[in-house]
Amino acid sequence: MERFPGIPREAVLKEDLLRGGVAFDPSALSGNEGGEVKPKSYFIFSFDHRTLPELGEAALNRPPEEIVLTGGPYGLRRTVVSVRVNPSSPYRVAPDADGALALFLDGARIADVGLPPMPEYYRHPLSNGKSVMEVAPTIQWGYLIYLTVFRVCQYFGAKEECQYCDINHNWRQHKAAGRPYTGVKPVDEVLEALEIIDRHDTARASTAYTLTGGAVTSKVGGKDEADFYGQYAQAIEERFPGRWIGKVVAQALPKEDVQRFHDYGIRIYHPNYEVWDRRLFELYCPGKERYIGRDEWHRRILDSAEVFGPRNVIPNFVAGVEMARPTGFLTVDEAIASTREGLRFFMSRGITPRFTTWCPEPTTPLGRENPDGAPLEYHLRLLEAYTETLRENNLTAPPGYGPAGPGRAVFSVSSFMDALAPEPGEGE
């Protein structure tokens, strides 16, 4: 915090928790779906530093989906953090001497901890008995409905899977543990879950939905990627016109496929470019390189801006994998220079990327080699580079992520929204 006075203290702490995880006292766990705390849904990846069998009590009694930090010796403003469990983390959520939950760092109390309340819509199952959490979980403190409608990826095996991604293992570990984990979610189940959310979300906290899942290289249910994911958007927009902002995370598809997404009712497109450096993209994303290729991927991102408008094309990258051993950059300077080059490439064209802080899941090749992830310095300098490049190009926070600014942001898997200034008129 002293070295980076221009970065909000909230963002410094949040990045450290996201990159290294947090441990939980048993009393801070959720109680699963029968408790008063909203449990972690494992909505697409595990986002944990251990496999389920290695999490101990946290594997049986789930941790909360997110935590919110306030107060403490740093006077933290409200900070929403996605939970990534690491039993060996120096950060621990536990009761203090008065019984109130707090965040401790090496035993020192550094923040008050709030847990997400169980939403009313999670208490009402679908007609077939499935839970809303299984079909349409919400994250970002209820802002986003996360619809992982295809729970596996057709980039499969060591020669195709992205080297930091555990989507396929996350599927396998939940099935092995006997947990419900629907592979392909039927459209009618998604609609029924959304009806329950719409009925019981009386405060209208849920504002957007994201359609996503694994890459489709052939067909799913006889449909290619655009039509497979698009069918859900079409059904949602017909049943709930204008209720939520529709977003899709998919591959960088040809322009005619992207147009179909738009025609189906999607308004924000996330064709994630993962990592900027050419050599690292080829090494870390072998399936994407084989089927599409980095240069074509980028061309398609630019083409998609002609369909959605540049502001509504928001490709993600996985912040930190640039420094993964044994093939990543050796210094923070090199990693930031490369990533800044990518930011300038897109932002100079009006496209605003965003990023997810890398969680080194232990079943992935990069996670096994780099259990500690990237250094905190990298993540803080990335926040500096990101905000500077936004200003250089007269851009503001991308749409569909809720409010910006420390104390206001709800985006929970990186702190890029916490580090940005609030929009004019939003206040502090």
Side-chain angles (χ1 to χ4, degrees), residues 1-22 24 28 37-38 63-84 89-96 98 100-106 108-117 119 138-144 203-208 319 354-357 376-377 379-388 390-391 396-428:
M1 292 175 180
E2 292 176 356
R3 287 181 59 199
F4 293 87
I7 301 295
R9 289 180 167 186
E10 294 82 359
V12 175
L13 180 56
K14 182 169 175 174
E15 285 297 318
D16 212 20
L17 289 167
L18 290 172
R19 76 182 188 92
V22 61
F24 282 83
V37 174
K38 184 182 184 185
E65 185 77 78
E66 293 151 332
I67 56 176
V68 63
L69 306 176
T70 54
Y74 303 112
L76 299 177
R77 291 162 287 189
R78 183 177 186 273
T79 306
V80 180
V81 187
S82 179
V83 164
R84 300 175 173 186
S89 172
Y91 290 100
R92 184 173 181 82
V93 176
D96 63 14
D98 297 322
L101 277 187
L103 180 66
F104 295 85
L105 174 56
D106 292 326
R109 191 183 196 282
I110 59 170
D112 302 328
V113 171
L115 302 181
T138 56
I139 59 173
Q140 298 171 23
W141 220 257
Y143 176 89
L144 179 67
R204 290 296 194 259
S206 60
T207 304
R354 54 95 167 177
F355 57 90
T356 300
T357 300
L376 180 57
E377 179 186 354
H379 292 286
L380 302 185
R381 288 182 58 185
L382 174 60
L383 290 173
E384 289 182 330
Y386 186 88
T387 55
E388 289 168 2
L390 270 182
R391 286 195 296 268
T396 57
Y401 288 92
R408 298 179 52 84
V410 294
F411 186 68
S412 58
V413 293
S414 83
S415 59
F416 88 94
M417 290 294 287
D418 303 75
L420 299 178
E423 293 297 305
E426 284 191 339
E428 293 296 329

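Just so we're clear, the structure is a prediction, and the values are computed from it rather than from any experiment. Position 1 is the first residue of the sequence, and the numbers go up from there. What you see below is based on every heavy atom in this structure, not just the backbone, and it leaves out hydrogens, waters and symmetry mates.
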Taking only residues two or more places apart in sequence or in another chain, which ones pass salt bridge (charged side-chain N to carboxylate O under 4.0 Å, His left out) with [X]?
X     : answer
Glu10 : Arg77
Lys38 : none
Arg92 : Asp25
Arg19 : Asp16

Exercise. Go through the structure and list residues passing ring pair (Phe, Tyr, Trp, His ring centres under 6.0 Å) with Tyr91, not counting sequence neighbours.
Key: none
Self-check item: With Phe24 via ring pair (Phe, Tyr, Trp, His ring centres under 6.0 Å) - residues at least two apart
Solution: none
Just to verify, what does [X] make a side chain to side chain contact (heavy atoms under 4.5 Å, CB included) with, not counting sequence neighbours?
X      : answer
Thr207 : Tyr143, Ile245
Val68  : Arg78, Val80, Trp141
Ala385 : Ile336, Arg340
Arg109 : Asp96, Ala102, Phe104, Asp112

Practice problem: Taking all heavy atoms of Leu18 and all of Ser82, pick out the closest pair and write down the distance. | Solution: CD2-O, 3.7 Å
Exercise. Would you name the heavy atoms of Tyr386 and Arg354 that are closest together and state the gap between them?
Key: OH-CA, 4.2 Å
Pairwise side-chain contact, [X] with [Y], heavy-atom cut-off 4.5 Å (strictly under):
X      : Y      : answer
Thr357 : Arg84  : yes
Leu103 : Val22  : yes
Ser414 : Thr356 : no
Leu383 : Phe355 : yes
Ile110 : Leu13  : yes
Pro117 : Val37  : no
Leu420 : Thr387 : yes
Asp418 : Pro8   : no

Quiz item: side-chain hydrogen bond (donor to acceptor under 3.5 Å, both in side chains) with Ser89: which residues, sequence neighbours excluded?
Solution: none
Quiz item: Quick one: side-chain hydrogen bond (donor to acceptor under 3.5 Å, both in side chains) partners of Thr396, sequence neighbours excluded?
Solution: Arg311
Practice problem: Take Leu69 and Leu17 through the side chain to side chain contact (heavy atoms under 4.5 Å, CB included) test and state the conclusion after the steps. | Solution: CA-CA 11 Å; Leu69 306 176; Leu17 289 167; 3.6 Å; yes
